[in-house]
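Worksheet: one structure, shown below.
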Amino acid sequence: MFNRAKLLNIGYVEVLKDEEYDCFVFSDVDLIPMDDRNLYHCYDQPRHFAIAMDKFGFRLPYSGYFGGVSGLSKEQFLKINGFPNEYWGWGGEDDDIYN
């Protein structure tokens, strides 16, 4: 079993060793943008970017879905103390951020 949230949190820590970034986009490895004109950047609130995926018929699978691709500023990431590490296996950590 794996812990996606821990991997995302580790990625956050490691990338800051190279440079001081202020915007972070976290993406599932199996999601590739179908339109290369998509712009990923941070906003005043955390942003869900995977709002229309072919595997879900280009709709969200349920209300409150925040999975796939999300963008957070450094301030937002620190405010929520990163992704919750208690989720093992597939899913839950993204939606926890939404809530």
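- Contacts classified as disulfide bond (SG atoms under 2.5 Å apart) and involving residues 45-91 (residues at least two apart or in different chains) are not found.
- Side-chain heavy-atom separations under 4.5 angstrom define the hydrophobic clusters, and the remaining members of the one that includes Met1 are Trp88.
- Tyr40 is linked by a side-chain hydrogen bond (donor to acceptor under 3.5 Å, both in side chains) to nothing, counting only residues two or more places apart in sequence or in another chain.
- Applying the side-chain hydrogen bond (donor to acceptor under 3.5 Å, both in side chains) rule to pairs touching residues 1-12 yields Arg4-Asp28, Arg4-Glu93, Arg4-Asp94, Asn9-Asn85, sequence neighbours excluded.
- Considering only residues two or more places apart in sequence or on other chains, Ser70 meets the side-chain contact (heavy atoms from CB on, under 4.5 Å) condition with Phe26, Phe66, Leu72, Phe83.
- Applying the ring-ring contact (aromatic ring centres under 6.0 Å, His included) criterion to Tyr87, with sequence neighbours excluded, gives no partner residue.
- For Glu20, the side-chain hydrogen bond (donor to acceptor under 3.5 Å, both in side chains) criterion is met by Lys74, not counting sequence neighbours.
- Under a hydrophobic clustering in which Ile, Leu, Val, Met, Phe, Trp and Tyr are joined whenever their side-chain heavy atoms come within less than 4.5 Å, directly or via other members, Leu8 and Ile10 fall into different clusters.
- The disulfide bond (SG atoms under 2.5 Å apart) contacts involving residues 9-84 comprise Cys23-Cys42, where partners must be two or more places apart or lie in separate chains.
- Not counting sequence neighbours, the partners of Glu14 by the side-chain hydrogen bond (donor to acceptor under 3.5 Å, both in side chains) test are Lys17.
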Only distances under 3.5 Å count here; give the side-chain donor-acceptor pairs of residues 43-52 to other protein atoms, sequence neighbours excluded, each with its distance to 0.1 Å.
| from | atom 1 | to | atom 2 | distance (Å) |
| --- | --- | --- | --- | --- |
| Tyr43 | OH | His41 | NE2 | 3.2 |
| His48 | NE2 | Ala50 | O | 3.4 |
| His48 | NE2 | Gly67 | O | 2.6 |

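- Of all heavy-atom pairs between Phe24 and Asp22, the closest is CE1-C, 4.1 Å.
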